[in-house]
Each structure stands twice: as structure tokens, then as C-alpha cells.
There are 2 protein chains.
Amino acid sequence: MIKVLVVDDEPQIARALRINLAAHGYEVTTAADGAQALRAAAAVVPDLVVLDLGLPDMDGSEVIEGLRGWSKAPILVLSGRAASAEKIAALDAGADDYVTKPFDIGELLARVRAATRRSGPGSDSPVTAIGPVTVDLAAREVRRDGEEVRLTPTEWQLLEVLLRNPGKLVSQRELLHRVWGPNYDRETNYLRQYMAQLRRKLEADPARPVHLLTEPGMGYRFRP
Amino acid sequence: MIKVLVVDDEPQIARALRINLAAHGYEVTTAADGAQALRAAAAVVPDLVVLDLGLPDMDGSEVIEGLRGWSKAPILVLSGRAASAEKIAALDAGADDYVTKPFDIGELLARVRAATRRSGPGSDSPVTAIGPVTVDLAAREVRRDGEEVRLTPTEWQLLEVLLRNPGKLVSQRELLHRVWGPNYDRETNYLRQYMAQLRRKLEADPARPVHLLTEPGMGYRFRP
DNA sequence: TTCGGCCGTCAAGAACGCGTCAAAGGTGAT
DNA sequence: ATCACCTTTGACGCGTTCTTGACGGCCGAA
């Protein structure tokens with residue numbers, strides 16, 4: 001979850017920002033003045049800062065410089081002042097964007113998206129472990145004792161449905177629908193065929209599966 | 001020297017921007033419409049793009065998406081339209097900043113500084129090694145045993161998408177979308193054609209690729 | 001015990017996808 | 001206008017994958 005620090009001394013604005021950001025999936029922390037802001041930033045290490053200039057205790061540039069001393073998180077400045085000199089000073093102090101009040105909340109969110117997009121995409125892919133086998137769904141990669149294992153497209157789809165419902169029983173009907181399409185209801189022989197292939201490739205002992213289990217008459221289950 | 005591409009169909013504005021940017025030490029290229037802009041961008045590989053919306057030949061979002069297909073350079077949008085919807089559309093299409101005309105030249109320069117500041121020092125050596133071949137995505141340069149290898153624009157785009165997802169499988173659909181545009185879904189023959197060309201130019205044994213791999217029925221993968 | 005349903009396995013032809021070659025459009029440069 | 005280069009298309013052989021059918025084993029029900 002992307003963490004945003006909102007710094008504003010006006011409670012209504014801080015509250016409005018918090019609600020809107022939270023509604024769009026951000027984790028929001030708020031601070032009401034510069035000192036709080038710097039302390040909160042050190043504590044939560046935000047991915048982005050929305051900073052209102054005109055705080056009661058510090059000058060805006062001071063806050064920006066305080067943050068920039070150790071953080072590279074984008075800083076989006078809010079301000080009632082529209083004068084170019086103010087904007088230039090804030091941007092050159094280290095801010096990434098400058099929005100004048102009153103502002104459109106949709107535009108602000110778009111600017112937040114633009115700012116997080118740049119620094120956002122860190123490459124970490126979630127891997128699932130199945131005994132001696134690791135499955136990386138994002139990279140579409142399966143390794144068995146370090147060796148690469150190749151799966152066919154149909155095998156991938158079937159495995160993905162099961163892995164996305166860990167521990168849960170998935171009915172044959174649902175598996176058929178999600179892999180072969182809504183017109184396939186009774187072709188359980190397909191499932192038998194491909195489950196056998198998956199077990200051969202993934203299970204230590206394909207005849208005695210430990211993770212890809214059959215629930216007779218119901219469906220299949222992936223046990224982590 | 002930081003290279004800036006200025007795209008504007010109004011000669012006065014383009015000229016004013018060129019002069020001001022050049023006076024502050026930037027290397028400036030200009031383009032008067034969308035098609036020229038994309039061609040110029042492919043030729044000079046700018047570090048930043050200043051883009052006027054409302055070009056005569058293309059929609060602004062198209063130009064942004066055309067650039068974003070292969071470039072991560074910051075895009076600073078200029079526009080006469082102050083409506084929030086316009087701003088949101090441009091920012092979500094991939095722009096980094098949005099300034100409404102008339103604008104203060106000092107503020108624009110500050111925003112240019114802010115945009116280049118983050119992408120400047122942060123960009124680590126983007127040289128990728130593929131066996132006997134080195135690829136420099138930023139400089140658009142490929143060397144094979146020291147010899148320079150020429151790639152066509154389409155080959156670059158395709159290679160770049162793959163290299164930016166090292167180890168990850170990229171579906172043929174995504175490749176087609178990012179290289180040819182969202183209307184291309186089923187033209188997998190394009191991929192076959194260009195992957196073959198890339199392998200001829202980059203792989204030691206094009207018939208037995210080691211780094212540019214095919215995942216039958218799914219897509220392609222770059223293995224470092 | 002016998003029977004029927006369900007599952008795992010095997011084996012085949014059909015269908016599909018990929019690499020490759022060749023050639024026709026397009027576009028900018030000379 | 002000609003030329004060179006790049007892109008777009010079409011077609012073919014081949015290997016892999018999918019589909020389909022059949023058989024035997026296991027288990028619960030009659």
C-alpha cells in the first residue's frame with residue numbers, strides 16, 4: 001500500500017484529503033504543522049508528501065529542505081499563493097509539484113498518481129512455494145530444485161485458478177469455466193488430464209499428491 | 001547537456017521556449033506537430049519533453065502514449081485548457097506535469113528543473129548485457145563485440161519492453177499493445193517477424209536463442 | 001459379491017502456434 | 001523520380017499442444 005503524508009493546518013482540508021486519498025487505496029497519515037510533519041515523516045517513511053505551505057510554525061521551504069535531507073519521496077505542495085516567485089522557490093527547494101488553492105480534488109489525485117507512478121514500480125513478484133517447487137505467477141516461472149519447469153498455457157491457467165484460492169475447494173464446474181470457458185460444464189476428463197500433468201511436473205510423488213488434492217465428486221484444492 | 005524536446009504548433013511560443021531553455025543551458029529540439037514530435041523523439045532521445053496540447057494532427061493523449069511506449073522521459077504538458085478533466089486525462093495518459101497558458105516562464109523553468117532533477121541523478125547505468133552484446137537503452141546504442149549494431153525504431157520498442165521486464169514473461173498481447181498500439185491484439189505475426197530480427201542481431205545463435213525466449217502460446221521473455 | 005460412478009493413466013489424430021522465407025506497400029532521402 | 005530502408009502481409013513446414021476416446025483401479029452402494 002502506498003503511504004501518503006498529508007501536512008495541513010486546516011482541519012477541514014486535511015480531513016477532505018485524508019478521506020479522498022484513503023478512498024483511492026492510499027494509507028494516509030496527517031500532520032498539522034511543520035514539526036509534526038518532520039516527526040511523522042521519520043516515523044512512517046511516506047512514499048509521497050502532500051504539503052500545505054503557510055504552516056503556523058515553519059516556513060514551507062524549511063519543511064521541504066528538512067524532508068529532502070534524507071527522503072526522496074515526491075513532495076506535492078498545496079498553497080493559496082499563486083505568485084510565480086512562491087512556486088519557483090518551493091520547486092527549487094525540492095518540491096515536485098505545486099497546486100494552488102482552491103484545487104480540484106480529481107486533479108490533485110491525478111497529480112498524486114503521476115508522482116507515485118515514477119517512483120512506484122518496484123520489482124517484487126510474489127512467489128508461491130509448493131514443496132521443492134516455487135511458482136512465480138507474475139513472471140510466469142516455475143522452478144523445481146532451481147531447474148526451470150515449463151508449463152503449457154492451459155496448465156498455467158489451471159494452476160493459477162487453484163493458487164489464487166489457497167486452501168479453498170474449487171469446483172470442477174468453476175475450473176472448467178475459468179480455463180475453458182462458460183460452455184464447458186461436463187468435460188471433467190480435461191481436468192483429469194491436466195491435473196495429472198501438473199502433478200507430474202510439480203509434485204514430488206505424482207501418484208500421492210500433497211498440494212494438488214482431489215476432492216472426489218466436488219473438485220480440486222491447492223494446499224500450500 | 002540535458003536535451004529537451006519542445007512540441008508546439010505556434011511558432012512564437014516554440015521560439016520563446018527555445019530561447020529561454022537554451023539560455024539556461026539546455027539543448028533544445030523543436031517539433032510543430034505530433035508526427036514530427038514522435039519522429040524527433042526517436043531521433044534525439046530527449047531527457048524531457050515540453051508538449052503543447054491542441055496540436056493540428058493528433059490528440060494530445062495519443063502523443064503522450066506514443067512517447068510513453070518507449071520513453072520514460074518526463075513530459076511537461078502545456079495547454080490553454082484549464083478544465084480539470086483535461087488535466088486528469090493528460091496526467092493519467094503519462095504526463096508528469098500540466099501547466100495552463102498563459103504561463104510564467106520562470107515557473108515553467110522551475111518545473112523543468114524539478115522534473116529533470118529527479119530523473120537526472122537517479123538514472124543508473126542502463127546498460128544491459130546480452131551475452132556478447134551490450135544494450136544501452138538511454139543512449140539507444142547496441143554493440144556486438146564492440147561493433148555498433150543498428151536497430152529500427154520498432155525493434156527498439158520491442159526490445160525495450162522486454163528489457164524493462166527482465167526475467168518476466170510479457171504476453172504477446174501486451175507487447176502488441178505497447179509497440180503497435182491498443183488496436184493490435186491478434187497480429188502475432190508481427191511479433192514473430194520482429195523477434196526473429198532481434199535474435200538475428202543480438203543472439204549468438206539465432207536459431208537457439210538464450211536470452212530472447214519464446215513461451216509458446218503465451219508470450220516472450222528476456223533472460224539476463 | 002457385484003455393480004456403477006469417479007478418477008488416474010495412456011495413446012492417438014487434430015489443431016494450433018512458431019520460425020522462416022519471400023514479397024508487396026510506404027516513407028523519407030538523394 | 002529513383003532509391004534505400006522499414007513495415008506490413010501472406011504462405012508453408014514443423015514441432016508442440018490440445019482434444020478425444022478408451023481402459024483399468026478404487027470405493028461406496030445395492
Side-chain angles (χ1 to χ4, degrees), chain A residues 140 149-159 169-173 175-176 179-181 183-203 205-221, chain B residues 31-43 57 66 69-70 140 142 149-159 162 169-173 175-176 178-181 183-203 205-221:
Chain A
R140 284 276 130 95
V149 179
R150 295 204 33 183
L151 301 189
T152 71
T154 310
E155 289 165 4
W156 268 115
Q157 290 186 46
L158 185 57
L159 182 63
L169 168 71
V170 187
S171 71
Q172 327 190 11
R173 193 202 187 90
L175 286 170
L176 284 167
V179 177
W180 280 272
N183 296 329
Y184 292 74
D185 277 335
R186 252 164 272 290
E187 281 78 353
T188 59
N189 46 329
Y190 290 9
L191 292 177
R192 297 206 297 273
Q193 170 71 14
Y194 280 95
M195 284 303 298
Q197 293 187 23
L198 280 179
R199 283 173 180 150
R200 232 171 284 145
K201 294 183 176 181
L202 303 182
E203 289 276 3
D205 182 357
R208 258 172 285 288
V210 182
H211 299 101
L212 300 172
L213 307 179
T214 303
E215 301 284 346
M218 317 270 308
Y220 292 85
R221 179 196 307 273
Chain B
D33 59 42
Q36 275 185 40
L38 293 177
R39 232 177 308 124
D57 63 334
W70 56 270
R140 300 254 130 163
V142 175
V149 179
R150 290 190 30 138
L151 298 189
T152 71
T154 309
E155 288 165 4
W156 268 116
Q157 293 185 39
L158 185 56
L159 182 65
L162 288 169
L169 178 126
V170 188
S171 71
Q172 24 195 24
R173 191 203 193 93
L175 287 171
L176 285 167
R178 299 186 76 156
V179 177
W180 281 272
N183 296 330
Y184 292 75
D185 276 338
R186 249 161 274 288
E187 279 76 354
T188 59
N189 44 329
Y190 290 10
L191 291 177
R192 297 206 296 274
Q193 172 70 17
Y194 279 94
M195 284 303 299
Q197 293 185 23
L198 280 178
R199 292 207 254 244
R200 264 197 291 278
K201 294 183 178 181
L202 303 181
E203 288 277 2
D205 181 357
R208 262 181 223 54
V210 182
H211 299 101
L212 300 173
L213 306 179
T214 303
E215 301 284 345
M218 312 200 57
Y220 292 86
R221 182 197 305 274

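Here is the naming used below: chain letters follow the sequence lines, and residue numbers restart at 1 for every chain. Keep in mind that the numbers below use all heavy atoms, side chains included, and drop hydrogens, waters and symmetry copies.
B:Y220 comes within 4.0 angstrom of sugar-phosphate atoms only, judged by non-hydrogen atoms across all strands, and of no base.
Remark: B:R150 is not in phosphate contact with D:dC5, judged by side-chain N or O atoms under 4.0 Å from OP1 or OP2. Between D:dT16 and A:T152, no contact under 4.0 Å exists linking OP1 or OP2 to a side-chain N or O. Dashed line: the shortest gap from a side-chain N or O of B:W180 to OP1 or OP2 of D:dT8 is under 4.0 Å.
In this structure, B:L213 atom CG and C:dG17 atom P are separated by 20 Å, rounded to whole Å. Whole-Å rounding puts the B:L158 CG to D:dC6 P distance at 15 Å. We find that CG of B:L198 is positioned 15 Å from C1' of C:dT20, with the value rounded to whole Å. In this structure, B:R199 places its CZ atom 8 Å from C1' of C:dG19, rounding to the nearest Å. For the pair B:Y194 OH and D:dT9 P, the interatomic distance rounds to 11 Å; values are reported in whole Å. Here D:dA11 presents its P atom at 15 Å from CD of B:Q193, a figure rounded to the nearest Å. Distance CE (B:M218) to P (D:dT16): 18 Å, rounded to an integer number of Å. Whole-Å rounding puts the B:L191 CG to D:dT8 P distance at 12 Å.
Across the interface with DNA chain D, nearest-nucleotide mapping of B:E155 and A:E187 shows B:E155 to be the residue nearer the 5′ end.
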> Yes or no on side chain to side chain contact (heavy atoms under 4.5 Å, CB included) for A:L175 and A:Y184, after CA distance, side-chain angles and deciding distance?
Replying inline: CA-CA 10 Å; A:L175 286 170; A:Y184 292 74; over 6 Å; no

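B:E203 contributes no side-chain N or O that, together with a main-chain N or O of B:R208, makes up a donor-acceptor pair within less than 3.5 Å. Although no hydrogens or angles enter the test, the distance criterion places no donor-acceptor pair under 3.5 Å between the side chain of A:R221 and the main chain of A:E215. Judged by distance alone, the side chain of A:E155 and the main-chain N or O of A:T152 form a donor-acceptor pair under 3.5 Å.
Picking from D:dC6, C:dC7, C:dG19 the nucleotide with the shortest atom distance to the side chain of A:Q172 gives C:dC7. Looking at the side chain of B:T214, the nearest of the listed nucleotides D:dC18, C:dC18, C:dC21 is C:dC18. In the set D:dT7, D:dT17, D:dT9, D:dT9 carries the atom at the smallest distance from any side-chain atom of B:N189. Which of C:dG19, D:dT7, C:dC7 sits closest to the side chain of B:R192 comes down to C:dG19.
Exactly one residue among B:R199, B:R192, B:Q172 makes a side-chain hydrogen bond (donor to acceptor under 3.5 Å, both in side chains) with B:T214. That residue is B:R199.
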